[in-house]
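Structure first, then comments.
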Amino acid sequence: MINPDLHKKPATLDRVSHRNLKLREDLNTLHAAAGLNSFFVTVAEFGDACREYPILFLRAGTDAQGKPQVAPVAVFGLSQGENLFLPKDATGALPASTRWQGRYVPAALRAYPFTMAKVDETQLAMCIDESWAGWSQEQGRALFDEKGEATPFLEELRKFTEQIEIEIERTRLAGQTLMEMGLLQDRRFDATLPDGSPLAVEGFMALDEKRYAELTDAEVLTLHKRGLFAVLHLHQISLGNMRWLLERRLGSAVPV
């Protein structure tokens, strides 16, 4: 999955043009997410992500049949471009030594600068973000050996990114079910800052608890068979982290 806010210059990994490419390990790849206030998570990650981030749903257009799509995201900040898990210094710069201030990092972000992209309905191609500053021809982990074959390092990354794509498809189908059943609604988070100014976070969807309470027996069975009761429960748990984000912004959160 290519995220244009993260993968600024995606390119299909090629054993010829990228044969001598190496990934430097002295640079923190997570710094690429410094300007992201949210990031996609699969439903398989809800159990870990819900302990730390609000998990919300964003509208993601429609599929080939015109059905509405949604994408679950872990929220990192309360305004555009704000990532409270990569704190900047007093000058607004991100020090090279800054580490991710959280216990869990979304899988697709951990895979950066690698990802997968669909070639067609059945084929995937491994891609890299050529804009990442950590590429080198001289030092780092090699992607290909002297014969032009993928190194064990690259093979492990390939397996990891392929598994992410499998979970992305499961997540797409889960979101489609929730939308078809009318279980998600547009929501808004409001708070008042210490100086009295209002803060509003909107543009996201969350569980419609009234609709949830009115589920028919047949709908309950559908959710149970598709494993979506747990997904919704973890989503509900995560919403308590909106207040945690506000505290983190105000500097009252305990450092991780």
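Any value given below was found using the heavy atoms of this structure, including those in side chains, with hydrogens, waters and symmetry copies removed.
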Self-check item: Chi angles and distances behind the side-chain contact (heavy atoms from CB on, under 4.5 Å) call for Thr171, Thr42
Solution: CA-CA 6 Å; Thr171 301; Thr42 66; 3.3 Å; yes
Practice problem: List the atom of Gly134, the atom of Leu27, and the distance in Å for their closest heavy-atom pair. | Solution: CA-CD1, 3.7 Å
Quiz item: Backbone N or O of Trp244 within a donor-acceptor pair of the Asn241 side chain at under 3.5 Å?
Solution: no
Practice problem: In plain terms, say whether Asp14 and Arg19 are close enough for a salt bridge, that is, a side-chain N and a carboxylate O under 4.0 Å apart. | Solution: no
Quiz item: Hey, are Arg24 and Asp26 close enough for a salt bridge, meaning a charged N less than 4.0 Å from a carboxylate O?
Solution: yes
Quiz item: Distance under 6.0 Å and angle within 45° of the ring axis: does Arg141 meet both against Phe153?
Solution: yes
Could you pull out all donor-acceptor pairs under 3.5 Å where a side-chain atom in residues 67-80 meets a protein atom, sequence neighbours excluded?
{"residue": "Lys67", "atom": "NZ", "partner": "Glu180", "partner atom": "OE2", "Å": "3.4"}
{"residue": "Gln69", "atom": "NE2", "partner": "Gln176", "partner atom": "OE1", "Å": "3.4"}
{"residue": "Ser79", "atom": "OG", "partner": "Arg249", "partner atom": "NH2", "Å": "3.2"}

Which residues pass the side chain to side chain contact (heavy atoms under 4.5 Å, CB included) test with [X], sequence neighbours left out?
X	result
Leu124	Met116, Lys118, Glu165
Asn3	Asp5, Leu6, His7, Phe39
Lys159	Glu156

Exercise. Look at atom CG of Asp190 and say whether more than 12 heavy atoms of other residues, nucleotides or ligands are closer to it than 6.0 Å.
Key: yes
Practice problem: Could you grab the distance from atom OG of Ser131 to atom NZ of Lys9, nearest 0.5 Å is fine? | Solution: 8.0 Å
Quiz item: To the nearest 0.5 Å, what is the distance between CG (Asp208) and CD (Glu214)?
Solution: 8.0 Å
Quiz prompt | Those residues that, when tested against Glu167, pass salt bridge (charged side-chain N to carboxylate O under 4.0 Å, His left out) (two or more places apart) | solution = Arg170
Self-check item: Pairs involving residues 199-235, ordered by first then second residue, that meet ring pair (Phe, Tyr, Trp, His ring centres under 6.0 Å) (sequence neighbours left out)
Solution: Phe57-His235
Quiz item: Met179 versus Leu184: any side-chain heavy-atom pair under 4.5 Å?
Solution: yes
Exercise. Flag the pair Trp135 / Phe114 as yes when their ring centroid distance falls below 6.0 Å, and as no otherwise.
Key: yes
